[in-house]
Amino acid sequence: MAVFQLRDYQQEAVTAVLKHFRKTNESAVIVLPTGSGKSLVIAELARLAKRKILVLTHVKELVEQNHQKYETYGVTAGIYSAGLKLKETQHQVTFASIQSAARNLNDFSEPYSLIIIDECHRVNLASPELSKGKAKDRLKDKVKYTSKAELKDELKEQSHETASTNQYQQIIEKLMQVNPEVKLLGLTATPYRLGMGWIYQKHYRGFMRSEQERPFKHCIYELPLRYLIKRQYLTEPNLVDATIEHYDFSSLRENSSGEYSPTDINHLLTKNHRVTQGIIEQVIELGEKRQGIMIFAATVDHAKEVFSYLPTKQSALITGATDSTERDNLIKAFKQKEIKYLVNVSVLTTGFDAPHVDMIAILRPTQSVSLYQQIIGRGLRLSDNKKDCLVIDYTGNDFDLYHPEVGEKKPNDKSQPVQVVCPSCEFPNIFWGICDDDGYLVEHYGRRCQGLVAEPSEDQSKERQCDYRFVFKECPHCSGENDIAARTCLHCFEVLVDPDDMLKKALQLKDSKIIRCAGMSLEEVPEKGNDKAADTGAGKLKITYHDEEGTELNESFDFSKPNQVKAFNDIFSKRLSIKIGVQLGSTESLEVDNLQQALKLANVLPCPDFVIARKQKYYWRIRNRIFDYQGRYRKANELK
């Protein structure tokens, strides 16, 4: 019996799981890089368990690998996988493929205490309506397919994706019906999905990843890739951009899933046969002294072309259509170094373990950070006579392997990650933002603080997201703050008016005027015989809004009246605090309480994007001011 000794970080991960599930049944994720030994963490958790456990993954290779690691402890476990020709559920621990388990739900009618999902970034939310919507969106695009065969392939891929997405939820739902207290744990190297972003909501270091519902509630342990490379647990990747030949995929458009259409890719590649040949010639040249080379092609046709340029006796091609027996034989030959070049299309990104791989050529474009990291992860395992892994990207995939950009897309070319301290809880948020030439923050695009704060209750272990919003939509019914894209108020549940609807309605009214606000000015309104009021800061303030062509609207605030001061602060004070805080690095909340203070702040007072007024008998009365606008209408000084 060869029991493995856990590394320090593996033991930390196991401890984090035990600690978490002693406190709560809420779902959790462990993030460990490819090659860090997730199967050992799974084996140790299974060994410590006292009740039935189900370990799920999506490929038979991982089922077999996880099962073997567990049995090194000298205990027996079951395998439930049609691909491995076994369907065992009688043991305390069962390692199963999700496809086989989902097709035979009645075989899992006993109470399980824990579900462990390996490669859990494949798990999606249970949302049939969303799947139907995506299917409809894709069908709208089918006119672009040039043949029935291509349409058939795309529909088959779509069907497989939908089925795979729902299979995890089917087995989870089944086991929860039997035991509502069953716990759910996921392990992955890449905790994000294309089109979704992060797959969990809360991070154990005290911040929110997503306000939206996610497949998992908590990330309870995470280990950075650099940690393992620095301590020589993984091979260092030598990332090189192609300099001689490369593909230009910039003209491709994303489909409804966020990826590129295989048909569009094929159409582009048929015009670049010379480029492909040049790329493979370079791969062969650079790989002369390499042990194992993996080439990731874009489509099946592309893979066949790539394969045709390689040395026949040293190369193999694997696609989704490759017979399982032939596939196993080819992989075995590659692992035994009988084959040097292995070309594949989307089939060897997870669950494939060939430590001697020391060169990876990426010939497929992707918008998926997860896929990119999984591809490179194939070459990071340690092996004899392996100093590094050469990674050449011929497609211009612009990802940072160590700090991938996940979630909000980069707003513009000038944006960079910036730190913004929350004025409420002082959490150091990282948002997209713009700095000046001296490195000072000019503006940022964060909406809400991502920090976690203790719930105002007796149970101090419970945490919620900080309520502070850097930009917000104010509810006209209760004055509550909501996300700028919200349609229903979080506080009073009244329907919020959409800014586009508000503008459209105002445009249709004859007695309405709209200013596309390009700027604003403040001035004191002199009052005859009342010099004392001005001296005490209790005079009247006039604000004039103007558009690009000089059209103006104005309103006044009398600082001698408390209700007018409150009205001014309700409109401007928090936005003013945010703007000053960004520019000066302040975390203080600011309220304006006198006229002179307001005039001094004229240059930094936040300006609305649109101002809407209605005609009264002798003047225009401002009814709405729209801040932080995002919609279909052009803002001032903006070209569309």
Side-chain angles (χ1 to χ4, degrees), residues 57-65 81-85 97-100 102-103 118-119 121-122 124 134-135 138 142 145-168 190 193-194 255 257-267 269 276 294-308 310 315-335 339 341-354 357 360-368 370-372 374-375 377-378 395:
T57 191
H58 67 293
V59 291
K60 66 178 184 179
E61 289 85 0
L62 279 176
V63 173
E64 195 169 31
Q65 176 182 310
S81 170
L84 296 174
K85 298 181 172 56
S97 70
I98 183 59
Q99 297 86 351
S100 298
R103 292 192 197 102
D118 197 3
E119 305 294 348
H121 57 274
R122 302 179 68 86
N124 205 341
K134 284 187 175 181
R138 286 187 178 185
K142 291 304 176 277
Y145 291 99
T146 56
S147 70
K148 290 183 179 179
E150 289 173 351
L151 174 57
K152 184 178 179 181
D153 289 343
E154 177 69 9
L155 289 171
K156 184 178 179 181
E157 179 185 340
Q158 174 186 316
S159 175
H160 175 74
E161 177 187 311
T162 303
S164 177
T165 293
N166 292 331
Q167 283 174 337
Y168 285 102
T190 52
R193 282 178 63 91
L194 185 62
N255 59 23
S257 297
E259 271 290 12
Y260 300 122
S261 160
T263 304
D264 291 346
I265 294 174
N266 270 336
H267 183 69
L269 290 173
T276 302
M294 293 187 71
I295 302 173
F296 291 85
T299 67
V300 174
D301 289 343
H302 183 222
K304 291 177 180 177
E305 182 190 356
V306 167
F307 181 69
S308 71
L310 291 166
S315 310
L317 169 61
I318 296 178
T319 71
T322 304
D323 176 76
S324 59
T325 303
E326 181 186 359
R327 167 177 161 159
D328 292 344
N329 291 334
L330 292 173
I331 290 175
K332 183 179 179 181
F334 181 69
K335 289 182 177 181
I339 293 172
Y341 303 93
L342 187 57
V343 185
N344 84 99
V345 185
S346 303
V347 291
L348 299 179
T349 52
T350 57
F352 177 78
D353 185 2
V357 171
I360 290 174
I362 304 174
L363 278 68
R364 60 158 298 170
T366 182
Q367 292 292 297
S368 171
S370 176
L371 177 59
Y372 181 78
Q374 293 285 356
I375 286 173
R378 299 311 101 203
T395 65

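Side-chain atoms are counted along with the backbone in the values below, which use heavy atoms only and exclude waters and symmetry mates. No experiment lies behind these values; they were computed from the predicted model shown.
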- Test log, rule side chain to side chain contact (heavy atoms under 4.5 Å, CB included), inputs Leu310 and Ile295: CA-CA 11 Å; Leu310 291 166; Ile295 302 173; 3.9 Å; yes

Before giving the answer on side chain to side chain contact (heavy atoms under 4.5 Å, CB included), spell out for Thr190 and Tyr372 the whole-Å C-alpha distance, their side-chain angles and the decisive distance to 0.1 Å. CA-CA 10 Å; Thr190 52; Tyr372 181 78; over 6 Å; no

Point to revise | Pair Asp328-Lys60, side chain to side chain contact (heavy atoms under 4.5 Å, CB included): steps then yes or no | key: CA-CA 11 Å; Asp328 292 344; Lys60 66 178 184 179; 3.1 Å; yes

For Arg193 and His121 the tightest heavy-atom approach is CG-O, 2.9 Å

Output for pair (Glu119 CD, Leu62 CG), nearest 0.5 Å, gives 5.5 Å

Decide yes or no for Val347 and Arg327: does some side-chain heavy atom of the first lie under 4.5 Å from some side-chain heavy atom of the second? yes

So CG of Asn344 and CZ of Arg378: to nearest 0.5 Å the spacing works out to 10.5 Å

Closest heavy-atom pair, Thr325 versus Asp323, reported as atoms and distance to 0.1 Å, is N-OD2, 3.0 Å

Is there side-chain contact between Ile331 and Leu348, with at least one heavy-atom pair below 4.5 Å? yes

**Request:** Determine whether Leu371 and Arg364 make a side-chain contact, defined as any pair of heavy atoms from C-beta on separated by less than 4.5 Å.
**Result:** yes

Shortest non-hydrogen pair, Ala303 vs Leu317, comes out as CB-CD1, 3.6 Å

By side chain to side chain contact (heavy atoms under 4.5 Å, CB included), Ser100 pairs with (sequence neighbours left out) Tyr80, Ala82, Ser97

Note: Thr276 and Glu305 closest approach over all heavy atoms is CB-OE2, 3.5 Å

Side chain proximity check, Asp353 to Glu61, heavy atoms < 4.5 angstrom: no

| Does Phe296 reach the side chain of Leu363, with side-chain heavy atoms less than 4.5 Å apart? | no

Taken to the nearest 0.5 Å, the spacing of Ser324 OG from Asn329 CG works out to 9.5 Å

Between the OG1 atom in Thr57 and the CD atom in Gln99, the distance rounded to the nearest 0.5 Å is 8.5 Å

task = Would you check if Lys304 and Val300 make a side-chain contact, meaning some heavy-atom pair closer than 4.5 Å?
result = yes

Minimal heavy-atom distance between Ile339 and Phe334, with the atoms involved, is O-CD1, 3.4 Å

